[in-house]
Each structure stands twice: as structure tokens, then as C-alpha cells.
Amino acid sequence: QVQLLESGGGLVQTGGSLRLSCAASGRTFSRAAMGWFRQAPGKQREFVAAITWSSDNTIYADSVKGRFTISRDNAVNTVYLQMNSLKPEDTAVYYCAEGATDTPRQYSYMYDAWGQGTQVTVSS
């Protein structure tokens with residue numbers, strides 16, 4: 001099974017930017033969608049963004065649309081999440097996940113493999 005490792009999290013001020021990376025090891029990416037989810041303290045895990053294998057389709061949560069951009073580079077088995085105009089409500093642990101199919105979905109049960117997460121904290 002693929003292992004996913006997120007990186008790039010940290011502490012940033014409101015309005016700042018971060019780029020998260022999710023690198024796969026153990027095998028190359030399947031021809032499947034990749035997604036980003038996040039979980040804030042005391043809240044359920046929520047969908048952030050997803051992308052197809054060929055990058056021809058992306059979907060975003062309304063809360064991040066226009067501020068976050070998901071991308072991937074299959075040659076290096078890495079998916080990215082560029083986060084701009086960050087807000088305190090974006091504070092959460094961010095997880096990447098590999099989908100069971102190549103259809104980008106916002107439902108966590110449609111993802112087979114998960115990383116350990118990376119903390120993003122946005123100060124006001």
C-alpha cells in the first residue's frame with residue numbers, strides 16, 4: 001500500500017500563504033484522484049480539495065474556493081495544496097488521501113490511503 005507523507009505546514013499570519021506537499025512512497029500514484037482534507041480541534045474532518053490523476057478536473061470546498069489551489073506532479077508522486085489569503089478558520093491538521101477511483105469526491109470514505117497530517121496554524 002502507498003504511504004503518504006504531508007509536509008509544509010506551519011504557523012502563518014492572517015493573509016499569508018503556505019504550500020503543502022504530499023509525497024507518496026512504497027509505490028507510484030495509482031491512476032486515482034487525490035484529495036486534501038482538514039480537521040480542526042473538536043470538529044469533524046472536512047473536505048478541502050481534490051484532483052484527478054490527469055489534473056483535468058479539480059473540486060474545492062466553498063470555504064477555500066478562490067484561495068486554495070490543488071495540483072499534482074505524477075512524475076515525482078507528489079500532490080500539492082497552495083494556500084493563499086489564509087484565515088484563522090483555516091487552522092487545522094491537513095491530510096492528503098488517495099482516492100479509490102479517479103473521480104474527485106468530497107467524501108472521506110471514498111479515499112483508501114491517508115497520510116499522518118501536517119499542522120497549519122493561522123494567527124490573527
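- A donor-acceptor pair is defined here as one N or O able to donate and one able to accept, closer than 3.5 Å; such a pair exists between the side chain of Thr52 and the backbone of Asn57.
- Taken from CZ in Phe68 to OG in Ser85, the straight-line distance is 9.0 Å, to the nearest 0.5 Å.
- Using a 4.0 Å cut-off between charged side-chain N and carboxylate O, Lys65 and Asp62 make a salt bridge.
- Atom OH of residue Tyr60 and atom CZ of residue Phe47 lie 9.0 Å apart, to the nearest 0.5 angstrom.
- The nearest pair of heavy atoms linking Thr78 to Ser21 is CG2-CB, 4.2 Å.
- For the pair Asp102 (side chain) and Trp53 (backbone), a donor-acceptor distance under 3.5 Å is present.
- Summarising the geometry, atom CH2 belonging to Trp114 is positioned 9.5 Å from atom CD belonging to Glu6; distances are rounded to the nearest 0.5 Å.
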For this session: Kindly determine whether Leu18 and Met83 satisfy side-chain contact (heavy atoms from CB on, under 4.5 Å), including the steps that lead there.
Result: CA-CA 5 Å; Leu18 283 174; Met83 306 186 296; 3.8 Å; yes
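- Side-chain N or O atoms of Thr14 include one that pairs as donor or acceptor with a backbone N or O of Ser123 at under 3.5 Å.
- Here the rule is side chain to side chain contact (heavy atoms under 4.5 Å, CB included) with Ile70, and of Val48, Leu20, Ile51 only Ile51 fits it.
- Distance check: Gln44 CD to Ser108 OG gives 9.0 Å after rounding to the nearest 0.5 Å.
- Clustering ILVMFWY residues whenever any of their side-chain heavy atoms sit less than 4.5 angstrom apart, transitively, puts Val64 in the very cluster that holds Val79.
- Not a single donor-acceptor pair under 3.5 Å links the side chain of Glu98 to the backbone N or O of Val2.
- In terms of hydrophobic clustering, with Ile, Leu, Val, Met, Phe, Trp and Tyr side chains grouped at heavy-atom distances under 4.5 Å, Val12 and Trp36 are assigned to a common cluster.
- Residues that satisfy the side-chain hydrogen bond (donor to acceptor under 3.5 Å, both in side chains) test with Asn84, not counting sequence neighbours, are Ser17, Gln82.
- Legend: ring-ring contact (aromatic ring centres under 6.0 Å, His included) pairs involving residues 84-113, not counting sequence neighbours, sorted by first then second residue: Phe37-Tyr111, Tyr107-Tyr109.
- No continuous path of ILVMFWY side-chain contacts below 4.5 Å connects Tyr80 to Phe29, so the two sit in separate hydrophobic clusters.
- Heavy-atom minimum distance, Ala32 versus Arg72: O-NH1, 2.9 Å.
- Judged purely by atom type and a 3.5 angstrom limit, Gln116 has no side-chain atom pairing as donor or acceptor with the backbone of Leu5.
- In this structure, CG on Asp90 lies 7.0 Å from OG on Ser63, to the nearest 0.5 angstrom.
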For this session: Run the numbers on Leu4 and Met34 for side-chain contact (heavy atoms from CB on, under 4.5 Å), then give the verdict.
Result: CA-CA 11 Å; Leu4 302 175; Met34 293 293 295; 4.2 Å; yes
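- The minimum heavy-atom distance between Arg38 and Glu46, with the atom names listed, is NE-OE2, 2.5 Å.
- Taken from OG1 in Thr91 to NZ in Lys43, the straight-line distance is 10.0 Å, to the nearest 0.5 Å.
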